[in-house]
Amino acid sequence: MISFVVPAHNEAPLLPRTLAGIHAAARFAARPYELIVVDDASTDATASVAAEAGARVVSVDRRQIAAARNAGARAAAGKILVFVDADTLVPAETLCAALAALEAGRVGGGARVVFDGPLPRYVAPLLWLILALYRFAGLVPGCFIFCTREAFERAGGFDETVYASEEVLFARALRRAGRTVLLRERTITSGRKLRTHHWRELFGTLWRIARRGRAGVQSRELLDVWYAPRRPDPAGDARRGAQR
């Protein structure tokens with residue numbers, strides 16, 4: 001069985017399409033599955049939206065994505081774990097490619113990422129560079145990560161001592177458990193952070209984290225991009241990338 005784990009904090013506007021996409025992809029793959037939404041201290045209708053969409057809701061109060069993902073994994077019954085961010089669409093062909101990779105002996109991996117909606121001009125070349133670096137380093141973007149249960153446990157789950165870059169640490173640990181893959185198939189995730197933060201804020205955050213190393217992600221102090229109240233998306237929460 002496949003266990004989909006979706007960490008969510010105040011994601012009621014975007015969650016319905018994410019969950020509908022997961023249901024559609026899983027049914028296309030014709031595999032038994034369960035859908036778990038980890039509601040991490042939401043103050044909106046995230047939990048009720050998830051339940052209405054057929055998900056099992058696990059509630060935590062950590063405000064930390066690593067802890068939310070681990071809580072979902074602990075609650076999951078499947079031998080395959082698929083972690084999907086609440087603002088991300090997973091096309092059926094991407095899920096099928098992930099399952100094929102696992103059947104071929106890979107222990108886990110991720111997929112190519114594209115962003116929805118209009119984006120600043122600097123994003124396209126920057127994204128190309130980041131994905132090339134990820135592929136070279138054997139890393140995976142955090143919005144879609146899949147692995148076997150055995151590999152997840154051997155990797156020790158997501159590192160709860162950090163509040164960002166947990167997917168980088170997990171990918172490194174996963175590589176020690178076996179061969180991983182970055183699929184050419186894509187996932188579609190929200191570009192809202194890129195639309196609602198000036199490039200100086202984004203690069204400034206990355207620079208401060210780089211200067212402090214691991215200490216820079218061990219508290220929320222420098223991580224407003226992820227943990228400050230979400231800004232209104234000029235493209236609108238209802239505008240999502242279409243699944244093709």
Is any side-chain heavy atom of [Y] closer than 4.5 Å to one of [X]?
X: Tyr33; Y: Leu95; value: no
X: Pro232; Y: Thr196; value: no
X: Leu174; Y: Phe152; value: no
X: Tyr163; Y: Arg63; value: no
X: Pro141; Y: Leu182; value: yes
X: Leu169; Y: Arg172; value: yes
X: Val37; Y: Arg56; value: no
X: Cys147; Y: Phe83; value: yes

Hphob cluster co-occupancy, [X] + [Y], side-chain heavy atoms under 4.5 angstrom:
X: Leu19; Y: Ile65; answer: no
X: Ile209; Y: Trp207; answer: no
X: Val38; Y: Val57; answer: no

Inset, instruction - State, to 0.1 Å, how close Thr88 and Cys143 come at their nearest heavy-atom pair, and which atoms those are. - result: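 So the two residues come closest at OG1-CB, 3.4 Å.
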Legend entry - Closest non-hydrogen atom pair, Ala164 against Val217: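 Scanning both residues, the minimum pair turns out to be O-CB, 3.6 Å.
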Ionic contact status for [Y] with [X], cut-off 4.0 Å:
X: Asp224; Y: Arg231; value: no
X: Arg230; Y: Glu11; value: yes
X: Asp85; Y: Arg69; value: yes

Inset, instruction - Would you please test His9 and Thr46 for side chain to side chain contact (heavy atoms under 4.5 Å, CB included) and show each step? - result: CA-CA 7 Å; His9 171 75; Thr46 290; over 6 Å; no
Nearest 0.5 angstrom please: [X] [atom1] to [Y] [atom2], how far?
X: Ile36; Y: Phe4; atom1: CD1; atom2: CZ; answer: 11.0 Å
X: Ile188; Y: Phe144; atom1: CD1; atom2: CZ; answer: 12.0 Å
X: Leu202; Y: Lys193; atom1: CG; atom2: NZ; answer: 10.0 Å

Legend entry - Side-chain H-bond candidate by donor/acceptor type, Ser3 with Arg149, under 3.5 Å: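 No, because no side-chain N or O of Ser3 sits under 3.5 Å from a partner of the opposite role on Arg149.
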Inset, instruction - Kindly check if the number of other-residue, nucleotide or ligand heavy atoms within 6.0 Å of CD (Glu150) is above 12? - result: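 Atom CD in Glu150 is not crowded, with 12 or fewer foreign heavy atoms closer than 6.0 Å.
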Legend entry - Neighbour count >12 (heavy atoms, 6.0 Å) for atom CZ, Phe28: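 For Phe28, atom CZ is not crowded (no more than 12 foreign heavy atoms under 6.0 Å).
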Inset, instruction - Specify whether Trp199 and Phe203 have parallel, tilted or perpendicular ring planes, treating 30° as the upper limit for parallel and 60° as the lower limit for perpendicular. - result: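 Correct class here is perpendicular.
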